[in-house]
Amino acid sequence: MRKVSIFGATGSIGQNTIDLIKRAPQEYEVVALTGASNIKQLATDAVALKAQIAVTADETLLDDLRTALQGSDVQAAAGATAIVEAAHRPVDWVMSAIVGAAGLAPGLAALAQGCTLALANKESLVCAGGLLLDTARAHGAKILPVDSEHSAVFQALVGEPMDAVERIIITASGGAFRDWPIEDLENATLAQASSHPNWDMGQRITIDSASMFNKAMEVIETREFFGVDPAQIEVLIHPQSMIHALVGFNDGALMAHVGPADMRHAIGYALHHPARRHLPVERLDLAAIGNFEFRAPDVSRWPALRIAREVMARGGLAGAVFNAAKETALDGFIAGHLKFTQMADVVSQCLEHMEAAGSHIDATMTLDNVLQTDHLARKAAQAVITGKAG
Ligand code: NAD
Ligand code: MG
């Protein structure tokens, strides 16, 4: 039996992971499941999977969790520290599917016990890629990508020498506003930004797909995961979301990864790696699909793509600033304090402000420094938002 834990178990990636595990429960011993506000889901899954412990991020919900777990053997805990403690429990495989920078500390704790970390939480790579990779190396732990594009690149690279790689192309559906007139973007509503044409995902990543901040994060994630130069990473609009990424080699070959828009493929690949196992995803009928469409991304529509390049050129803790500013701007849009197009302005201005403030952005990449930078960048971004609203 493999011991597994799922961080962010109640979310879209977490639920897809649980779906796969429930199909072969005899193969897994579930140690920890974590969630935040959806106590009913967390408790139901923890009982069904006979988890050792269920943890909610929200301390005020501990009593609710205890009540929901009554009569079972599952322990209950609450708070950010309890989530990190749960990540210290030894397991073979961990799904990192908390949304946002909150996934960083549990991810590092999991790596420190030498497990395989299936990483959906791209924010932790964006804000502290070097730290995660160093921690994995120091403890003999493995990080496997779960983001569909990065899983696709990873699969296309199996058996290939990295020095033969010329370029990595990650595709983007273009999100909810791909075909909107640019002048209408300013007035895009929360409901419009929260619906994705191809993927069924959590609300935050769905809005990030519409603004292309998701793809901007993924460009940085590509750099961190595969160690390539930013100039070797390209973004290609592919509205059908069936080709997830392509790797270009020095002999002109392009290896494309093609599959349905179902995250259970990438999750399953990371769960069974290095084996391939049957997965309950659709088999594509290419003759029925007929053709694949591609276009170059328009950076004037999606300034996030330009900002990602600036962040990579800046280096240091610029990724931590970028992620924190993006999360704060997204909160501002969700709360109705910012227009859709203002999110990119807030992120740019926050990066400029933090650059001018100097020292933090050049600090060594330790967990404390990343968290401190995250905190300062959130304050700076909030000040920009307040200035815009006022
Ligand atoms: P989601 O919003 O559906 O779920 C997020 C999970 O994180 C939930 O379990 C929630 O309880 C938990 N959570 C939220 N705030 C927390 C906090 N402060 N502390 C601890 N836990 C907290 O999100 P999702 O779509 O499942 O995405 C999860 C991660 O996977 C994100 O990093 C996202 O970018 C990445 N990802 C998602 C998809 C997808 O298809 N959904 C695809 C690729 C990558
Ligand atoms: Mg992706």
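We count ligands from 1, going down the list as the structure has it; atoms in each ligand are counted the same way. Given the structure is predicted, the values throughout are model-derived calculations rather than measurements. In this chain, residues are counted from 1 in sequence order.
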Test item: side-chain donor near acceptor, H278 and H272, under 3.5 Å: no
Can you tell me the N, O or S atom of E149 that's nearest the Mg ion (ligand 2)? OE1
H238 and F292 aromatic ring geometry - parallel, tilted or perpendicular at 30°/60° bounds: perpendicular
D147, N/O/S atom nearest the Mg ion (ligand 2): OD1
Parallel, tilted or perpendicular, judged at 30° and 60°: which one describes the rings of F177 and F340? perpendicular
I'd like the residue list for ligand 1, meaning every protein residue with a non-hydrogen atom under 4.0 Å from the ligand. G8, A9, T10, G11, S12, I13, G35, A36, A57, I83, A97, I98, V99, A102, A120, N121, K122, E123, D147, M201, G202, I205, M263
Would you mind checking if D208 and K326 are paired as a salt bridge, meaning a charged N to carboxylate O distance below 4.0 Å? yes
Got a salt bridge between E310 and R314, using NZ or NE/NH1/NH2 to carboxylate O under 4.0 Å? no
Looking at E218, the N, O or S atom sitting nearest the Mg ion (ligand 2) is OE2
Go through the side-chain N and O atoms of S124 and N121 and say whether any donor and acceptor fall under 3.5 Å apart. yes
Identified side-chain hydrogen bond (donor to acceptor under 3.5 Å, both in side chains) counterpart of H257 within the set H265, H244, E149: H265
